[in-house]
Amino acid sequence: MLGNFSYHNPTKLYFGDDSLKFLNDELKNYGDNVLLVYGGGSIKKNGIYDSVVEILKSNGKNIFEDAGVMPNPTVEKLYEGVEIARKNKVDLILAVGGGSCCDYAKAVAVSANCNEDPWQKYYIRFEEPDCEIIPVGCVLTMVGTGSEMNGGSVITNHKEKLKIGHVFGDDVMPKFSILNPKFTFSLPKYQMVAGCYDTFNHICEQYFSDDDDNTSDYLSEGLMRSLIKSSRDAVVNPENYEARSNIMWTATWALNTLVAKGKSTDWMVHMLGQAVGAYTDATHGMTLSAVSLAYYRYIMPYGIKKFVRFATEVWKINPDGKNDEQIANEGLKAMEAWMKELSLVLKLGDLGVSEEMINGIADATILLNGGYKKFDKNDVINVLRASL
Ligand code: NZQ
Ligand code: ZN
């Protein structure tokens with residue numbers, strides 16, 4: 001394990017097909033005014049809205065609604081939510097939806113009592129909140145981002161063509177999250193597999209770094225193996241509770257800070273994906289899947305030992321009689337085959353990206369240096385071109 005670190009995760013989880021009832025217990029900890037945040041209406045179709053509202057009402061809460069949170073929530077929507085939260089003096093923000101609703105709830109939570117422009121303060125200057133933060137709770141309906149147990153909050157600014165995430169601290173992380181795998185049954189397949197790949201890539205971002213023997217990498221390998229099996233099962237039968245519950249639990253642990261402990265981390269696939277998202281508004285997981293194979297093939301020579309380990313431990317490639325490069329390549333081929341089985345988007349062209357957009361996307365890509373290869377703009381352009 002490298003470096004010094006502390007570990008604490010303040011989010012309380014309730015997991016299982018009976019977990020929504022624990023909302024009753026949690027609501028007792030907060031004041032009367034609840035801001036109910038949700039998306040474009042899926043929760044009204046599948047009945048989750050009715051169940052949540054019933055619990056809020058039976059606990060005597062005043063419900064203020066903030067609906068229409070779009071996938072990849074925008075800065076304009078954030079300003080709107082801040083006004084609703086301010087006007088109604090909300091005591092709790094309850095996000096019912098996927099990562100977009102959870103991320104958005106956190107952004108409103110740190111902005112409602114702040115006099116500065118939240119976009120400039122948190123997403124451009126990356127400052128920390130210095131105002132009162134409204135507590136956030138989540139009822140998760142889409143799996144992948146890990147937002148239910150982390151401080152991440154990603155906001156898109158279409159005018160500036162920027163999609164930026166701020167990872168806030170413990171005091172912004174959800175106070176509680178309710179994870180009922182059955183709530184994910186109604187997800188369209190496109191969203192389900194995008195969420196599976198988002199989860200997988202979160203693990204990769206934390207796995208492909210450093211050369212030491214590190215417990216975090218063993219945890220990551222276990223999570224990846226569980227996810228590969230369960231995603232295959234869920235594609236065959238989306239109502240396979242065993243598979244969907246494993247996917248849900250894996251997604252949470254993939255990005256709740258645990259597997260990053262004692263490591264540096266890469267996150268360049270996410271930086272590429274976010275820049276693509278700013279230009280296309282495409283589904284987050286698909287922006288990652290579209291650039292991943294080109295990215296990992298590009299950096300493989302710089303971290304060959306870890307790619308060999310990825311091939312043998314995660315994809316069970318038999319190393320006998322092969323050199324490192326052959327083994328590593330076979331690992332990435334196995335990953336590609338799995339991605340095809342899931343029908344993930346494998347080319348940027350399929351998300352509407354064209355050669356003329358490459359330079360702008362490269363400019364919007366934030367360069368990080370925790371992975372095996374330190375990227376410059378030229379490297380970004382090479383990977384984007386190879387992904388077209
Ligand atoms: O809006 P509704 O009608 O609810 O439909 C949603 C939305 O269209 C639908 N959906 C959700 N649950 C459903 C359902 N449809 C049927 N049945 C259900 N049970 O799914 C669509 C996508 O939802 P969304 O919340 O946008 O997806 P996701 O969870 O992938 O969140 C994406 C956002 O999270 C950010 C992404 O950048 C993106 O903005 N991320 C947040 C991270 C974090 N907090 O740490 C990290 C991630 O890397 C990611 O960047
Ligand atoms: Zn992600």
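Just follow the structure's listing: the first ligand is 1, and inside any ligand the first atom is 1. Just the heavy atoms: all of them, side chains too, but no hydrogens, waters or symmetry mates, feed the values below.
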About how large, to 10 degrees, is the angle NE2 of His284, then the Zn ion (ligand 2), then NE2 of His270?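 NE2 of His284, the Zn ion (ligand 2) and NE2 of His270 span an angle of about 100°.
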
Show the protein residues that qualify under the rule heavy atom under 4.0 Å from an atom of ligand 1, listing them in chain and number order.
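For ligand 1, the contacting residues are Gly39, Gly40, Gly41, Ser42, Asn46, Pro71, Asn72, Pro73, Gly98, Gly99, Ser100, Asp103, Thr141, Met142, Thr145, Ser147, Asn150, Gly152, Val154, Lys163, Phe183, Ser186, Leu187, Pro188, Gln191, Asp198, His202, Leu255, His270, His284.
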
Applying side chain to side chain donor-acceptor pair (under 3.5 Å) to Ser153 and Tyr122, what does each step give before you reach the verdict?
CA-CA 10 Å; Ser153 172; Tyr122 300 124; over 6 Å; no

Fill in: Between Tyr49 and Glu65: side-chain donor-acceptor atoms closer than 3.5 Å
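A donor-acceptor contact under 3.5 Å links the two side chains.
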
Compute whether any side-chain donor of one residue and acceptor of the other, for Lys106 and Asn150, lie under 3.5 angstrom apart.
->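 Checked: Lys106/Asn150 side chains pair up, N/O donor to acceptor below 3.5 Å.
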
Answer yes or no: are there more than 12 heavy-atom neighbours, outside Lys305 itself, under 6.0 Å from its atom NZ?
->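 No, NZ of Lys305 has 12 or fewer neighbouring heavy atoms, counting only those of other groups under 6.0 Å.
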
Among Asp217, Asp213, Asp211, Asp212, which residue meets the salt bridge (charged side-chain N to carboxylate O under 4.0 Å, His left out) test with Lys263?
->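 Among Asp217, Asp213, Asp211, Asp212, the one meeting salt bridge (charged side-chain N to carboxylate O under 4.0 Å, His left out) with Lys263 is Asp217.
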
- Taking the side chain from Asn33 and the backbone from Asp91, do they hold a donor-acceptor pair closer than 3.5 Å?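 Not confirmed, Asn33 side chain does not pair with Asp91 backbone.
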
*asked:* From the N, O or S atoms in Asp198, identify the one nearest to the Zn ion (ligand 2).
replied: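 In Asp198, the heteroatom (N, O or S) nearest the Zn ion (ligand 2) is OD1.
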
* Asked: In Å, rounded to the nearest 0.5 Å, how long is the span from SG of Cys204 to OH of Tyr295?
  ->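 That separation rounds to 10.5 Å.
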
